[in-house]
Amino acid sequence: MKWGAVIAAGGTVEPELAAALGSDSKALARFNGVTSLERTLAAVRDAGLGESVTVGPAALREHVVHGEWAMQAESALDNILLGISRIDAEAVLMMPADTPLFSAESLTHFTDRIRDRDPAGDWFAAGASPLPDFTRLYPEAPVQAVRLREGRMVVSGMYAATPSALRNAVDRVRPLIGARKSQLQVISRIGPAAILKFLFGRLASTDVEAVAGRLLGAQAILIPDVHPATCLDVDTIADYHAVQAIVARTEPTTVRVEST
């Protein structure tokens with residue numbers, strides 16, 4: 001399977017968080033002297049994921065030291081579509097630029113587990129990490145977990161799909177984005193049975209796959225054992241300080257990625 005990667009590096013930052021980061025872009029937050037974007041691009045490069053495109057504002061162009069840069073579009077969904085239009089791949093890994101602990105190993109584990117499922121035709125894949133694994137590795141980090149039948153899980157920030165699945169799902173995804181603030185609309189689209197199972201902790205990973213597949217119009221795959229590092233993004237000041245502490249105790253030296 002020929003892979004490519006799209007790194008989402010747009011978005012805005014609240015003033016308080018920007019002051020803590022020293023930048024109005026989470027992608028440029030530094031950890032041990034290395035930006036979150038640089039760390040992400042190093043992981044993509046070392047994982048051998050083929051072509052990559054970073055989609056973000058013009059200010060990030062000079063910081064894209066691996067792969068290509070593309071000027072961000074009007075929405076996150078449009079950014080993903082723009083990214084996949086710039087690469088030649090059978091499968092695309094989509095990842096944010098504000099998850100600074102990505103590693104080549106964590107990315108290849110995810111792609112290998114998708115390959116093991118041997119999906120046919122169009123598909124989408126997402127990942128989650130068991131909460132005990134996350135808290136064991138990162139006790140400093142704030143965390144939110146969802147309750148499934150298999151246990152409490154922390155949702156990963158990376159996703160994957162075939163390019164045609166993404167293109168074909170656009171008309172399905174836009175209404176979901178618009179409905180996310182209306183509980184009635186969300187329930188009508190997901191289904192009350194699945195909502196009730198979730199509320200009572202009886203929603204299994206197979207139920208998640210079935211609901212997502214129905215909503216997206218393609219096979220859905222949930223990888224339930226991704227590396228906890230893929231679940232640790234920087235959305236708040238508490239997240240930022242937690243990642244700084246983790247890097248301080250796990251990285252004795254600074255590593256940089258060379259331009260390619």
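Here, residue 1 is the first one in the sequence, and each next residue gets the next number.
Atom CG of Asp116 and atom OG1 of Thr111 lie 9.5 Å apart (nearest 0.5 Å). Here Arg45 contributes atom CZ and Thr40 contributes atom OG1; the two are 12.5 Å apart, rounded to the nearest 0.5 Å. Taking OG from Ser106 and CE from Met95, the interatomic distance works out to 7.0 Å, rounded to the nearest 0.5 Å. Going from atom CH2 of Trp3 over to atom CD1 of Ile114 covers 4.0 Å, rounded to the nearest 0.5 Å. In this structure, Leu77 CG and Leu81 CG are separated by 5.0 Å, a value rounded to the nearest 0.5 Å. Between atom NE2 of residue His66 and atom CD1 of residue Ile7 there is a gap of 7.5 Å, rounded to the nearest 0.5 Å.
When atom types are taken as modelled, the side chain of Gln244 and the backbone of Arg30 share a donor-acceptor pair closer than 3.5 angstrom. Between the side chain of Asp239 and the backbone N or O of Asp235, at least one donor-acceptor pair lies under 3.5 Å. A donor-acceptor pair is defined here as one N or O able to donate and one able to accept, closer than 3.5 Å; no such pair exists between the side chain of Asp207 and the backbone of Leu203. In this structure, Glu150 contributes its side chain and Ser205 its backbone to a donor-acceptor pair below 3.5 Å. Proximity of a side-chain donor or acceptor of Asp112 to a complementary backbone N or O of His109 within less than 3.5 Å is not detected. Side-chain atoms of Glu90 come within 3.5 Å of backbone atoms of Lys2 as a donor-acceptor pair (strictly under, hydrogens ignored). With Asn79 contributing its side chain and Ala73 its backbone, the two residues share a donor-acceptor pair below 3.5 Å. In this structure, Glu68 contributes its side chain and Thr54 its backbone to no donor-acceptor pair below 3.5 Å.
Side chains of Glu140 and Arg249 form a contact here, defined as non-hydrogen atoms less than 4.5 Å apart. At least one side-chain heavy atom of Lys26 sits less than 4.5 Å from a side-chain heavy atom of Leu21. Two residues are said to be in side-chain contact when any heavy atoms from C-beta on lie closer than 4.5 Å; Ile87 and Ser52 fail this criterion. Side-chain contact between Met153 and Pro224 is present, with at least one heavy-atom pair separated by less than 4.5 Å. Side-chain contact between Leu93 and Val44: absent, with no pair of heavy atoms (C-beta onward) separated by less than 4.5 Å. The shortest side-chain heavy-atom distance between Val53 and Trp69 does not fall under the 4.5 Å cut-off. Contact of the Phe102 side chain with the Thr230 side chain is registered, since non-hydrogen atoms from C-beta on lie closer than 4.5 Å. Counting heavy atoms from C-beta outward, Ile246 and Leu232 have side chains that approach closer than 4.5 Å.
Between Val226 and Gly127, the shortest heavy-atom distance links the atoms CG1-CA, 3.7 Å. The shortest heavy-atom contact between Ala104 and Ala47 is CB-N, 3.6 Å. Scanning both residues, Arg86 and Ala70, for their nearest heavy atoms gives NH1-CB, 3.4 Å. Heavy atoms only, all atoms of each residue included: Pro228 and Ser129 are closest at CG-OG, 3.4 Å. Of all non-hydrogen atoms in Ala20 and Tyr240, the two that sit nearest each other are O-CE2, 3.4 Å. Among all heavy-atom pairs drawn from Trp123 and Ala165, the shortest one is O-CB, 3.7 Å.
Under the 4.5 Å side-chain heavy-atom criterion for Ile, Leu, Val, Met, Phe, Trp and Tyr, Val34 and Val234 are members of distinct hydrophobic clusters. Val154 and Tyr138 end up in the same hydrophobic cluster when Ile, Leu, Val, Met, Phe, Trp and Tyr side chains are linked at under 4.5 Å. Leu28 and Met71 end up in different hydrophobic clusters when Ile, Leu, Val, Met, Phe, Trp and Tyr side chains are linked at under 4.5 Å. At a threshold of 4.5 Å between side-chain heavy atoms, the hydrophobic network of Ile, Leu, Val, Met, Phe, Trp and Tyr places Leu101 and Val155 in two separate groups. Val243 and Leu107 fall into different hydrophobic clusters, defined by Ile, Leu, Val, Met, Phe, Trp and Tyr side-chain heavy atoms under 4.5 Å apart, directly or through other members.
For the pair Arg39 and Glu251, the salt-bridge criterion is met [side-chain N within less than 4.0 Å of a carboxylate O]. Comment: Glu209 engages Arg117 in a salt bridge, judged by a side-chain N to carboxylate O separation of less than 4.0 angstrom.
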### Message
Does Arg113 form a side-chain contact (heavy atoms from CB on, under 4.5 Å) with Ile221? I'd like the steps, not just the answer.
### Response
CA-CA 10 Å; Arg113 293 282 277 114; Ile221 300 168; over 6 Å; no
#### Entry: Steps toward side-chain contact (heavy atoms from CB on, under 4.5 Å) verdict (Leu166, Phe124)
CA-CA 8 Å; Leu166 284 164; Phe124 291 86; 3.7 Å; yes
### Task
Under the side-chain contact (heavy atoms from CB on, under 4.5 Å) rule, what do Arg167 and Ile84 come out as? Steps first, then yes or no, please.
CA-CA 9 Å; Arg167 295 187 186 100; Ile84 66 172; 4.0 Å; yes
### Query
Stepwise, does the side-chain contact (heavy atoms from CB on, under 4.5 Å) test hold for Leu131 with Val143?
CA-CA 9 Å; Leu131 179 60; Val143 62; 3.9 Å; yes
### Task
Decide side chain to side chain donor-acceptor pair (under 3.5 Å) for Asp122 and Thr162; before the verdict, give the C-alpha distance in whole Å, the side-chain angles of both, and the deciding distance to 0.1 Å.
CA-CA 6 Å; Asp122 284 341; Thr162 58; 3.1 Å; yes
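Heavy atoms of other residues, nucleotides or ligands lying less than 6.0 angstrom from CZ of Arg61 number 12 at most.
For Asp46, the salt bridge (Lys or Arg N to Asp or Glu O under 4.0 Å) criterion is met by no residue, not counting sequence neighbours.
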